[in-house]
Amino acid sequence: MKNVIARQRRQLIKALACLPLCWSFPTLGNLQSQQLTKLIPGTKESLPQIGMGSWLTFNVGNNNSLRQARAQVLNAFFQQGGKLIDSSPMYGSSEAVIGYCLQQQTPTPELFSASKTWTSHPEQTLSQFKHSLSLWTQQHFDLLQIHNLRAWQHHLPKLQQLKAQGKIRYIGITTSHGRRHNEMEKIMQHQPIDFVQFSYNMSNRDVEQRLLPLAIEKGLAVIINRPLDGGKLMQRFEHKPLPAWAKEFDCFNWAQFFLKFVISHPAVTCAIPATSQVAHMRENMGASYGRLPTPELRQKMFSYLDSV
Ligand SMILES: NC(=O)c1ccc[n+]([C@@H]2O[C@H](COP(=O)([O-])OP(=O)(O)OC[C@H]3O[C@@H](n4cnc5c(N)ncnc54)[C@H](OP(=O)(O)O)[C@@H]3O)[C@@H](O)[C@H]2O)c1
């Protein structure tokens with residue numbers, strides 16, 4: 001009898017593994033209506049304040065079980081109302097893995113696709129764009145960003161053409177290095193872009209000085225990369241006690257503490273934490289629900305980190 005039950009259990013697990021990854025908003029009930037979203041400046045289009053990064057975490061090549069595991073991560077992302085996914089030709093196999101994982105989702109999820117141009121050769125802008133689209137299995141990108149400002153003078157006019165042709169909807173520029181902030185500032189001042197992406201987290205607040213206020217002034221959407229400082233914030237604090245008053249802004253774990261800090265800045269449209277784990281994705285997406293810390297609480301969050 002025991003053997004029969006064990007065999008039936010194995011068959012059930014096998015059958016479940018073959019099912020497409022389904023997600024449905026109704027299971028979220030009221031939570032969905034409370035999701036924190038921000039308008040893209042100058043438009044009526046809103047984005048959930050937590051998106052997903054894919055550097056390293058989705059670079060898993062052709063390994064089948066790792067691809068399945070990432071499909072589950074993406075499933076958890078969409079289950080909790082996620083929309084914006086950020087990637088780049090620089091991230092190894094990530095674009096191909098995202099394309100694969102998107103095909104596993106049922107029904108087709110509502111996606112805001114954000115990829116990048118990453119080449120020093122101006123003649124490669126269009127061929128790289130087309131290749132990225134085929135990897136993502138998409139017909140167009142919502143946002144195409146110039147990665148690390150690389151050869152931006154050459155790429156920008158081509159991105160404008162793509163936008164005019166309806167092949168992309170928004171143009172962006174990115175960096176994660178303070179040494180490029182001056183150049184980024186000049187582009188933000190004078191060039192026809194819609195989005196900027198740079199690093200901001202509780203260990204690195206450089207952009208509070210100039211770039212974040214400038215984004216508000218210029219009406220630019222802001223995507224924040226490295227919101228967990230590449231995971232270092234989690235490693236430093238995960239064994240420390242979360243303060244009881246974190247509940248005042250509906251924060252229930254350290255990931256939400258760090259992410260809610262980032263997205264509560266008035267200039268920030270969304271943050272794009274990256275993860276390879278379903279449990280971490282659930283924690284991270286939890287940051288896009290409930291209340292955000294007030295300016296007073298943001299100060300208190302810093303004092304607390306210094307004290308533990
Ligand atoms: N110039 C650019 O355009 C540029 C530069 C840098 C980054 N980016 C983009 O921004 C995204 C985010 O930056 P990032 O990946 O460097 O750093 P990040 O999102 O700050 O941190 C990612 C790390 O945090 C860990 N993590 C995530 N959620 C966690 C949780 N709930 N609990 C514990 N650990 C957690 C992940 O490990 P686990 O896998 O174990 O969860 C991973 O190692 C990138 O993936 C990329 O898409 C763009």
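In listed order, ligands and their atoms are each counted from 1.
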To the nearest 0.1 Å, how far is [atom] from its closest protein heavy atom, and which atom is that?
| atom | result |
| --- | --- |
| atom 27 (C) of ligand 1 | A274 O, 3.1 Å |
| atom 4 (C) of ligand 1 | N225 ND2, 3.4 Å |
| atom 12 (C) of ligand 1 | I272 O, 3.1 Å |
| atom 44 (C) of ligand 1 | W55 CB, 3.7 Å |
| atom 28 (N) of ligand 1 | N284 ND2, 3.0 Å |
| atom 17 (O) of ligand 1 | G230 CA, 3.3 Å |
| atom 13 (O) of ligand 1 | R226 N, 3.1 Å |
| atom 35 (C) of ligand 1 | H280 ND1, 3.6 Å |

With atoms numbered from 1 as shown, which atoms in ligand 1 lie under 4.0 angstrom from a non-hydrogen atom of [X]?
| X | answer |
| --- | --- |
| D86 | 9 (C), 46 (C), 47 (O) |
| P227 | 19 (O), 20 (O) |
| A255 | 31 (N) |
| Q277 | 38 (P), 40 (O) |
| G53 | 11 (C), 45 (O), 47 (O) |
| S276 | 38 (P), 39 (O), 40 (O), 41 (O) |
| P273 | 19 (O) |

Between K163 and D194, is there a salt bridge with N-O shorter than 4.0 Å?
-> yes

Taking 4.0 angstrom as the limit, do E208 and R205 come out as a salt bridge?
-> yes

Side chains of [Y] and [X]: any donor to acceptor distance under 3.5 Å?
| X | Y | result |
| --- | --- | --- |
| S199 | N225 | yes |
| T125 | H155 | yes |
| Q197 | D86 | yes |
| Y170 | E45 | yes |
| Q49 | S288 | no |

Going by heavy atoms, is Q145 under 4.0 Å from ligand 1?
-> no

Compute the minimum heavy-atom distance from Y91 to ligand 1 and say whether it is under 4.0 Å.
-> yes

Of the backbone atoms (N, CA, C, O) and the side-chain heavy atoms from C-beta on, which set of [X] has a member under 4.0 Å from an atom of ligand 1: side chain, backbone, both, or neither?
| X | answer |
| --- | --- |
| S176 | both |
| E283 | side chain |
| M281 | neither |
| E238 | neither |
| N201 | neither |
| L56 | neither |

Should the pair [X] and [Y] be assigned to parallel (<30°), tilted (30 to 60°) or perpendicular (>60°) ring geometry?
| X | Y | result |
| --- | --- | --- |
| Y200 | F261 | tilted |
| W254 | F237 | tilted |
| W245 | F257 | tilted |

Taking atom 39 (O) of ligand 1 as the reference point, report whether a protein heavy atom occurs under 4.0 Å from it.
-> yes

Over 12 foreign heavy atoms within 6.0 Å of NE2, H177 = yes

Looking only at N/O atoms, are G231 and ligand 1 under 3.5 Å apart anywhere?
-> yes

Is it true that a side-chain atom of S93 and a backbone atom of V60 form a donor plus acceptor pair closer than 3.5 Å?
-> yes

Identify whether NZ of Lys or CZ of Arg in R67 sits under 6.0 Å from the centre of the six-membered ring of Y100 and within 45° of that ring's axis.
-> yes

Nearest heavy atom to atom 2 (C) of ligand 1, choosing from R282, R180, H147, belongs to H147

Pick out which of S54, S88, S115, S87 makes a side chain to side chain donor-acceptor pair (under 3.5 Å) with E95.
-> S115

Who pairs with K38 by salt bridge (charged side-chain N to carboxylate O under 4.0 Å, His left out), at least two apart in sequence or on another chain?
-> none

